[in-house]
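Here the structure comes first, spelled out in structure tokens, and everything after it is commentary.
Heavy-atom basis, side chains included; hydrogens, waters and symmetry copies ignored. Lettering of chains follows the sequences in order, A, B, ..., and the numbering in each one begins at 1.
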Amino acid sequence: MPAVDENHVIAERREKLKAIRENAKLNGGVAFPNDFKPEHQAVALHAEFGGFENEVLQPRAVHVSIAGRMMLKRVMGKASFATVQDSTGRIQLFVSKDNFTDENSEAIYESFKHWDLGDIIAAKGVLFKTKTGELSVKVSELRLLTKSLRPLPEKFHGLQDQEVKYRQRYVDLMMSEETRATFIARSKVVSAIRSFMLDNQFLEVETPMLHPIPGGASAKPFITHHNALDMQMYMRIAPELYLKRLVVGGFERVFEVNRNFRNEGLSVRHNPEFTMMEFYAAYTDYLWLMDFTERCIRAAAIAACGTAVLQYQGRELDLSKPFQRLTIVGAIQKYAPQYTLEQLNDADFLRAEILKFGTKPFDHAGLGALQLALFEETAESQLWEPTYIIDYPVEVSPLARASDANPEITERFELFVTGREIANGFSELNDAEDQAARFHAQVKAKEAGDHEAMYYDADFIRALEYGMPPTGGCGIGIDRLVMMITDSASIRDVILFPHMRPEA
RNA sequence: GGGAGAUUAGCUCAGCUGGUAGAGCAGCGGACUCUUAAUCCGUUUGUCGCGAGUUCGAUCCUCGCAUCUCCUACCA
């Protein structure tokens, strides 16, 4: 399908490409050559030679070959400067026909004058420094490798339209050093986490993305259909139940970094597909997990930023200090001290109070669930410094092990940073009969109208019946972690191709 | 789902109380051998998001629609 947004600038460039094709035909060449192999990159050259004075540099005759996108061009009659950008950064070319080795120097220079910003070009030459001290390449060979048909955004202001930045991320990446830095940081975060897990004897695994029964979380799934089996399938909402099957199988430490899909709303904190790192370690519990998760996140921040003391949206965020730990009730008392302990243990009071915030709790919600709801309304958004919230009620934690001391609460935590949930972990429920009973309760809740309640997963129960060692497991939301580490306000800024409505 | 705002040249943006639209960049032509968003001279480019309505006349006022952004809700 031809592009519908043709304009006179593109038309001009198509004419130039046509001439390039014809010229290539005459000379036995091709319009889109692929025989140039750059041997150097911009930033490495600056690092290695940027410190030399020209009097030292030029006599050394450092020959280099580079390639990249032409971002700026300044023609001054018989000599020109051009700025080329490769994957590492930018370097300036000094182009004069006097320096060309090819005998057609006049023709090459004339064609160069008509090349456009955005074209991919290649150059060979020697390094020198200009009068103003900028490291540059005195070009002896110059080639056009790829003609660009579409004009770049305005060279000074760059791409400003947020919609285009998301839809045409390739243009955003060309134009914005900041966007490139964000996704480089994301890559560093993911590889740091992977290294951290491998260093701690975890095995990286891949479990199904297509589930016959959605499980492992409370969320609405995407539904799809398998033609050959003529069956409904679900895009996974969490890998949890499969990872625990692996622990049953004897892989005592496993982790998976991959996508989850949830058929829910979009916001600056939610994308329909998002990345989780979920891990399980046999013979550990939620206390061990909190310590481990904390170290993992700190390592990721240091890998990406060089420090664990960050700035987020203009406010300091210190990941170097030990993360705080508060119970749900303790967090309410700290951040909403207007409530008395008596009120916080009064289900009727809580129910009325939560209604004031415009949220209607389920009729079957118990004291713990009501306390949690009030926590979410009053305290959650204030948890700027990393804080583990613990003592989640059993009724909202159908996969977590109950506390040995108090059967109403679980050995579970959620980690909040900058007012957002970043991680969720718990000592796993490994009592198959208890798990079966909890699934039955979920099925009942579903029948009672709770659409996000879980399904009964008979194979998972069968797996637990073989015996799963006592285990701790946790999931870390990678996108939100990267938001935090890269000082990004929206989840869309840390996802290369965020979900968008189709173009009109 | 609810609310607020945005949409003007390829890009970045102006456009007064309603009288059919401008600048800079990019493009095209020219000058220029150390520029840095190069500079200087000349010059091309518009379904003013889409569709109705009010009006002699709508980029501007009204209504509807589309997309995006932010807030809010469900949620991680």
**OP:** Check for a donor-acceptor pair, side chain of A/Glu273 on one end and backbone N or O of A/Arg259 on the other, with a separation under 3.5 Å.
**Re:** no

Original post:
Rounded to whole angstrom units, what separation is found between the CG atom of A/Leu383 and the C1' atom of B/A76?
Top reply: 15 Å

Original post:
When you measure from the side chain of A/His211 to the backbone N and O of A/Met235, does any donor-acceptor pair fall under 3.5 Å?
Top reply: no

Original post:
Do the side chain of A/Gln371 and the main chain of A/Ile328 share a donor and acceptor less than 3.5 angstrom apart?
Top reply: no

Original post:
Considering only the C1' atoms, how many Å lie between B/G19 and B/U59, rounded to the nearest integer?
Top reply: 12 Å

**OP:** For B/A14 and B/G51, measure between their C1' atoms and round to the nearest Å.
**Re:** 27 Å

**OP:** Find the partner of B/G1: check Watson-Crick (N1-N3 plus N6-O4 or O6-N4) and G-U wobble (N1-O2, O6-N3) distances, both under 3.5 Å, and reply none if neither fits.
**Re:** B/U72

Original post:
Does B/A14 have a Watson-Crick or wobble partner in any strand here, with both distances under 3.5 angstrom, and which is it?
Top reply: none

**OP:** Provide the distance between the two C1' atoms, one in B/G42 and one in B/A66, to the nearest whole Å.
**Re:** 41 Å

**OP:** Would you classify A/Leu72 as touching base, sugar-phosphate or nothing, given that sugar-phosphate means primed atoms plus P, OP1 and OP2, and contacts are heavy atoms under 4.0 Å?
**Re:** sugar-phosphate

Subject >> B/U69 phosphate, OP1 or OP2, under 4.0 Å from A/Arg492 side-chain N/O >> reply: yes

Enumerate, atom names and distances included, each donor-acceptor pair closer than 3.5 Å involving a side-chain atom of residues 43-56 of chain A, sequence neighbours excluded.
unit_1: A/His46; atom_1: NE2; unit_2: A/Arg90; atom_2: O; d: 2.9
unit_1: A/Asn54; atom_1: OD1; unit_2: A/Lys129; atom_2: N; d: 2.8
unit_1: A/Asn54; atom_1: ND2; unit_2: A/Gln58; atom_2: OE1; d: 3.0

Original post:
Rounding to the closest angstrom, what is the interatomic distance between B/U12 and B/A73 at atom P?
Top reply: 32 Å

**OP:** Would you please name every residue forming a side chain to side chain contact (heavy atoms under 4.5 Å, CB included) with A/Ala489, sequence neighbours left out?
**Re:** A/Gln313

**OP:** Applying ring-ring contact (aromatic ring centres under 6.0 Å, His included) between A/Phe292 and each of A/Phe202, A/Phe413, A/Phe323, report the one that passes.
**Re:** A/Phe202

Original post:
With sequence neighbours left out, which residue pairs that include part of residues 95-106 of chain A fulfil the salt bridge (charged side-chain N to carboxylate O under 4.0 Å, His left out) condition?
Top reply: A/Lys97-A/Glu106

**OP:** Choose from B/C74, B/U67, B/U69 the nucleotide whose nearest atom is closest to any side-chain atom of A/Ser267.
**Re:** B/C74

**OP:** Decide if the gap between the ring center of A/Tyr392 and the ring center of A/Tyr286 is smaller than 6.0 angstrom.
**Re:** no

Subject >> Charged tip of A/Lys446 within 45° of A/Tyr455 ring normal and under 6.0 Å >> reply: yes

Report all interatomic pairs (protein N or O, nucleotide N or O of nucleotides 25-28 of chain B) with separations under 3.5 Å.
unit_1: B/C25; atom_1: O3'; unit_2: A/Lys155; atom_2: NZ; d: 3.3
unit_1: B/A26; atom_1: OP1; unit_2: A/Lys155; atom_2: NZ; d: 2.5
unit_1: B/C28; atom_1: OP1; unit_2: A/Lys16; atom_2: NZ; d: 2.4

Original post:
Are OP1 or OP2 of B/U35 and a side-chain N or O of A/Arg74 less than 4.0 angstrom apart?
Top reply: no

Original post:
Which whole number of Å gives the distance between the C1' atom of B/C60 and that of B/G3?
Top reply: 25 Å

Original post:
When you compare B/C70 with B/U44, how far apart are their P atoms, in angstrom units rounded to a whole number?
Top reply: 40 Å

Subject >> Gap between atoms CZ and P, on A/Arg262 and B/A73 respectively (whole Å) >> reply: 19 Å

Subject >> Those residues that, when tested against A/Tyr280, pass ring-ring contact (aromatic ring centres under 6.0 Å, His included) (two or more places apart) >> reply: none

Atom pairs, N/O to N/O, protein against nucleotides 1-3 of chain B, distance under 3.5 Å?
none

**OP:** Taking only the side-chain heavy atoms of A/Val268 (C-beta and beyond), determine which of B/U33, B/C70, B/C68 contains the nearest atom.
**Re:** B/C70

Original post:
Of all residues at least two apart in sequence or in a different chain, which pass the side chain to side chain contact (heavy atoms under 4.5 Å, CB included) check with A/Glu421?
Top reply: A/Glu414, A/Phe416, A/Asn424, A/Arg480

Original post:
Is there a Watson-Crick or G-U wobble partner for B/U39 with both distances under 3.5 Å, and if so, which one is it?
Top reply: B/A31

**OP:** Go through the structure and list residues passing side chain to side chain contact (heavy atoms under 4.5 Å, CB included) with A/Ser267, not counting sequence neighbours.
**Re:** A/Arg269, A/His270

Original post:
How is A/Gly475 classified with respect to the nucleic acid when contacts are heavy atoms under 4.0 Å: base, sugar-phosphate, or nothing?
Top reply: nothing

Original post:
Considering only the C1' atoms, how many Å lie between B/G1 and B/C61, rounded to the nearest integer?
Top reply: 30 Å

Original post:
Considering Watson-Crick and G-U wobble pairs with both distances under 3.5 Å, what does B/U62 pair with?
Top reply: B/A52

Subject >> Separation between the P atoms of B/G5 and B/U39, rounded to whole Å >> reply: 39 Å

Original post:
A/Lys165 has an atom NZ; how far is it from atom C1' of B/C70, in whole Å?
Top reply: 17 Å

**OP:** Would you kindly give the CE-to-C1' distance between A/Met71 and B/A38, to the nearest whole Å?
**Re:** 17 Å

**OP:** Would you jot down, in residue-number order, the residues of residues 79-90 of chain A having a non-hydrogen atom under 4.0 Å from RNA chain B?
**Re:** A/Ala79, A/Phe81

Could you list the protein-to-nucleotides 4-6 of chain B atom pairs, N/O on both sides, closer than 3.5 Å?
none

Subject >> side chain to side chain contact (heavy atoms under 4.5 Å, CB included) partners for A/Lys165, two or more places apart >> reply: A/Leu159, A/Gln162, A/Asp172, A/Ser176, A/Thr179

Subject >> Touch class at under 4.0 angstrom, heavy-atom based, for A/Gly477 against every strand present >> reply: nothing

**OP:** By nearest nucleotide on RNA chain B, pick out whichever of A/Asp161 and A/Lys97 is the more 5' one.
**Re:** A/Asp161

Subject >> Pairing partner of B/A6 (Watson-Crick or G-U wobble, both distances under 3.5 Å) >> reply: B/U67

Subject >> B/U20: syn or anti, per glycosidic angle within 90° of 0 >> reply: syn

**OP:** List for me each residue that meets side-chain hydrogen bond (donor to acceptor under 3.5 Å, both in side chains) alongside A/Glu376, sequence neighbours excluded, and say none if there are none.
**Re:** none

Original post:
With a 3.5 Å cut-off and no angle check, do the side chains of A/Gln160 and A/His157 form a donor-acceptor pair?
Top reply: no

Original post:
Just checking A/Met276: base, sugar-phosphate only, or nothing, at a heavy-atom cut-off of under 4.0 Å?
Top reply: nothing

Original post:
Would you say the base of B/U69 and the side-chain of A/Glu163 have a donor-acceptor pair closer than 3.5 Å?
Top reply: no

Subject >> Nearest-Å distance for atom pair CG/P, residues A/Asp172 and B/U69 >> reply: 13 Å

Original post:
Do we see a donor-acceptor contact under 3.5 Å between the side chains of A/Gln41 and A/Thr88?
Top reply: no

